[in-house]
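For reference, the structure is listed below as structure tokens.
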Amino acid sequence: MDILRSIESWNAWRNTVGHDKKVGLVPTMGALHNGHRSLITRCRQENDICVISIFVNPTQFNDPSDLSAYPVTTEADHNICETEGVDAIFSPAYADLYPDNYHYRVTENHDSRHLCGAHRPGHFDGVLSVVMKLFNLSRAHKAYFGEKDWQQLQLVKGMAKAFFMPITIVGCPTVRESDDLAMSSRNRRLSADHRRQAARFPHLLAAAVSAEEAVRLLEADGFSVDYVEDFKGRRCAAVYCGEVRLIDNILIPEKMEKS
Ligand code: PAF
């Protein structure tokens, strides 16, 4: 497994990959867990070469304290990648990936205004900008994203379509802990009590007959609710469990959608 930390070394490595080879990309911010493992597995199944990017992208953090609290677990991440059969890790520095210091950016002006976009100003500009850079640099044929970040997945698909980008976006099912909490790098910041509470988040979302009822149930259980909204067949939600912001989404059962 090769670890490339500069654009030059990345480009040199990428140029050694034969033109007949299919390249898959798994974009991440590190702190890898089983959700990422499932993306890597799918990427390896569908491509000749599997590349993972590990870059904690500052432009998508609207809250500086959230950025500084973001877990960095470099050695463990590299071990996971090695075990999972990743061919190359691309892990550039900010100055390499943002030679323009973020003077240029990608903005989506419609669907990014709802849900997380309404609560995290600038978040999706940062996500879409870094993802476009990673697509351009990786020259990947397919890229893999988890469905836990449902809105992100839809926006990345929309961007690829809007800009005629020669890449297929593959959404992969959310991987959950045994108590159904969606896997997330943020879970490791939960205290033991909040971790127990967090497991009730997906259950309360599913138990409620409407988004409004879900808000009531979550608040009654001590969550601070950013939003719960039924959007295009999904119930999407963000809550604070203690200091930690968690997001999740579930398919809305058909009978609920009609009522
Ligand atoms: O989902 C993430 O981990 C990040 O938003 C992504 C797609 C790697 C962009 O920084």
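If you're wondering where the values come from, they're calculated on a predicted model, not measured in any experiment. Order of appearance sets the numbers: ligands from 1, and atoms from 1 within every ligand.
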Does the side chain of Asn11 come under 3.5 Å of the side chain of Arg139 through a donor N or O and an acceptor N or O?
no

Short list, please: which atoms of ligand 1 are under 4.0 Å from a heavy atom of Val130?
9 (C), 10 (O)

If you have a sec, work out which protein heavy atom is nearest atom 9 (C) of ligand 1 and how many Å separate them, to one decimal?
Gln60 OE1, 3.3 Å

Counting only heavy atoms not in Tyr104, do more than 12 fall under 6.0 Å of its OH?
no

For His203 and Asp180, which I'm curious about, is there any donor-acceptor pair between the side chains at under 3.5 Å?
yes

Indicate, as side chain, backbone, both or neither, the part of Thr28 found under 4.0 angstrom from ligand 1 when only non-hydrogen atoms are considered.
backbone

Check Phe145 against ligand 1 and report side chain, backbone, both or neither, counting heavy atoms closer than 4.0 Å.
side chain

Identity and separation of the nearest protein heavy atom to atom 7 (C) of ligand 1:
Gln152 NE2, 3.6 Å

More than 12 heavy atoms from other groups under 6.0 Å of CZ on Arg44:
no

Residues in salt bridge (charged side-chain N to carboxylate O under 4.0 Å, His left out) contact with Asp66, at least two apart in sequence or another chain
Arg120, Arg186, Arg189

